[in-house]
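Numbers for residues simply follow the sequence, beginning at 1.
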Amino acid sequence: MNELVIMHNKQAVTSSNRVADVFGKEHRNVLATIGGLLKNQQTQHMFMKSTYVNEQNGQSYPMYYMNRDGFTLLAMGFTGKKALQFKIKYIQAFNSMEAMLKRRPAGKLDPVAQADLAVTRANTAKANALYKIACKTTSETAKRALLAKAAESITGEMTIPVLLKKEYSAGEVAKKVHASSSQMVGRIANQLEIKAEQPGQNEYGRWANSKSQHSDKEVPQWMYFDKGVKTIADELKRAKEAI
């Protein structure tokens with residue numbers, strides 16, 4: 001867990017590939033999530049695009065540096081006991097690095113940077129408090145509302161939508177529409193092209209992270225809204241009538 005947070009351009013930051021390694025995620029999925037966050041102009045100061053060199057093949061690949069706010073916003077969607085432990089370690093690492101910055105002589109830090117740092121600490125402390133409360137609630141609706149407020153404290157906008165729609169996994173949909181398997185449900189959804197681009201959502205459902213059956217890594221899973229379930233059911237009915 002060394003070097004979770006580093007200094008870059010006189011700011012405490014972490015990197016997208018480091019986050020991917022620590023949380024056991026595919027870097028391309030982390031990049032996709034950041035790409036979604038960057039669609040909101042309020043988040044663009046939190047991430048800085050860069051590249052890194054793969055030691056195995058010597059090729060350059062895209063990555064992002066992110067400050068504390070960027071990491072907090074990105075990591076809100078990471079769930080599980082281990083994920084919470086890693087988030088706490090990251091927060092501690094940011095605190096340690098920013099404390100080191102604070103101990104520097106006043107002349108070493110630009111006054112604007114000092115003001116930004118103070119605002120960042122206050123907003124992030126509020127976001128972290130809301131996040132911890134959200135982790136302890138058993139109500140999914142309340143959890144999403146709290147996460148939305150946490151995001152708002154950082155970005156000024158409700159960047160995480162408060163979803164009040166009921167959601168179903170592919171397996172649950174299969175049982176509801178009497179499909180032979182969750183794989184069949186997935187194939188129909190792909191044929192009808194009702195899934196949004198990752199990590200987004202649409203009227204039929206949304207992308208969520210779930211634990212892989214074969215490892216500790218989280219993998220993207222499409223969750224169906226009621227309209228998605230009805231669309232699958234209608235397609236199954238149409239297919240049976242065509243036989």
pair [X]-[Y]: side-chain heavy atoms closer than 4.5 Å:
X: Val19; Y: Phe78; value: yes
X: Arg18; Y: Thr14; value: yes
X: Thr33; Y: Lys25; value: no

To the nearest 0.5 Å, tell me how far [X] [atom1] sits from [Y] [atom2].
X: Asn67; Y: His45; atom1: CG; atom2: NE2; answer: 6.0 Å
X: Thr43; Y: Leu38; atom1: OG1; atom2: CG; answer: 4.5 Å
X: Ile232; Y: Leu192; atom1: CD1; atom2: CG; answer: 6.0 Å
X: Trp222; Y: Glu167; atom1: CH2; atom2: CD; answer: 10.0 Å
X: Met63; Y: Ser16; atom1: CE; atom2: OG; answer: 5.0 Å
X: Ile6; Y: Ser15; atom1: CD1; atom2: OG; answer: 6.0 Å

side-chain hydrogen bond (donor to acceptor under 3.5 Å, both in side chains) with [X]: which residues, sequence neighbours excluded?
X: Asn57; result: Tyr61
X: Tyr168; result: Asp226
X: Lys227; result: Glu203

Between [X] and [Y], which heavy-atom pair has the shortest distance, and what is it?
X: Ser182; Y: Gly171; result: CB-N, 3.6 Å
X: Phe94; Y: Ala12; result: CE2-O, 3.4 Å
X: Ala93; Y: Val5; result: CB-CG2, 3.5 Å
X: Ala179; Y: Val185; result: CB-CG2, 4.0 Å

Same cluster for [X] and [Y] if Ile/Leu/Val/Met/Phe/Trp/Tyr side chains link at under 4.5 Å?
X: Val22; Y: Leu31; value: yes
X: Met48; Y: Leu73; value: no
X: Val13; Y: Met46; value: no

task: Tell me whether the guanidinium CZ or amine NZ of Lys195 lies under 6.0 angstrom from the six-membered ring centre of Tyr204 and within 45° of its axis.
output: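 Verdict for Tyr204: no cation-pi partner in Lys195.
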message: Under the criterion salt bridge (Lys or Arg N to Asp or Glu O under 4.0 Å), I'd like the reasoning laid out for Glu235 against Arg238: C-alpha separation, chi angles, the key distance, then a yes or no.
response: CA-CA 5 Å; Glu235 178 60 19; Arg238 186 200 64 77; 2.8 Å; yes
message: Taking Thr72's backbone N and O only, do any of them form a donor-acceptor pair with Asp69's side chain (distance below 3.5 Å, no angle check)?
response: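 No.
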query: Is a side-chain donor or acceptor of Trp207 paired with a backbone partner of Met223 at a separation under 3.5 angstrom?
result: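 Checked: no pair found.
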Partners of [X] by side-chain contact (heavy atoms from CB on, under 4.5 Å), sequence neighbours excluded?
X: Ala233; answer: Val177
X: Lys49; answer: Pro62, Tyr64
X: Ala20; answer: His27, Val30
X: Ile88; answer: Leu84, Gln92

task: Could you go through the side-chain contact (heavy atoms from CB on, under 4.5 Å) check for Ile194 and Asn202 one step at a time?
output: CA-CA 8 Å; Ile194 65 173; Asn202 57 27; 5.5 Å; no
- prompt: Who are the salt bridge (Lys or Arg N to Asp or Glu O under 4.0 Å) partners of Lys230, not counting sequence neighbours?
  reply: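 Scan of Lys230 (salt bridge (Lys or Arg N to Asp or Glu O under 4.0 Å), adjacent residues dropped) gives Asp234.
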field: Pairing residues for Arg187 by the salt bridge (Lys or Arg N to Asp or Glu O under 4.0 Å) criterion, not counting sequence neighbours
entry: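 Listed in chain order: nothing, the list is empty.
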Mutual orientation of the aromatic rings belonging to Phe23 and Tyr90 [parallel < 30°, tilted 30-60°, perpendicular > 60°]: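 Phe23 vs Tyr90 ring planes: parallel.
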- prompt: Can the ring centroids of Phe47 and Tyr65 be said to lie less than 6.0 angstrom from one another?
  reply: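 No: the rings miss the under 6.0 Å criterion.
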Electrostatic pair Lys175-Glu172, nearest N-O below 4.0 angstrom: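 Salt bridge absent between Lys175 and Glu172.
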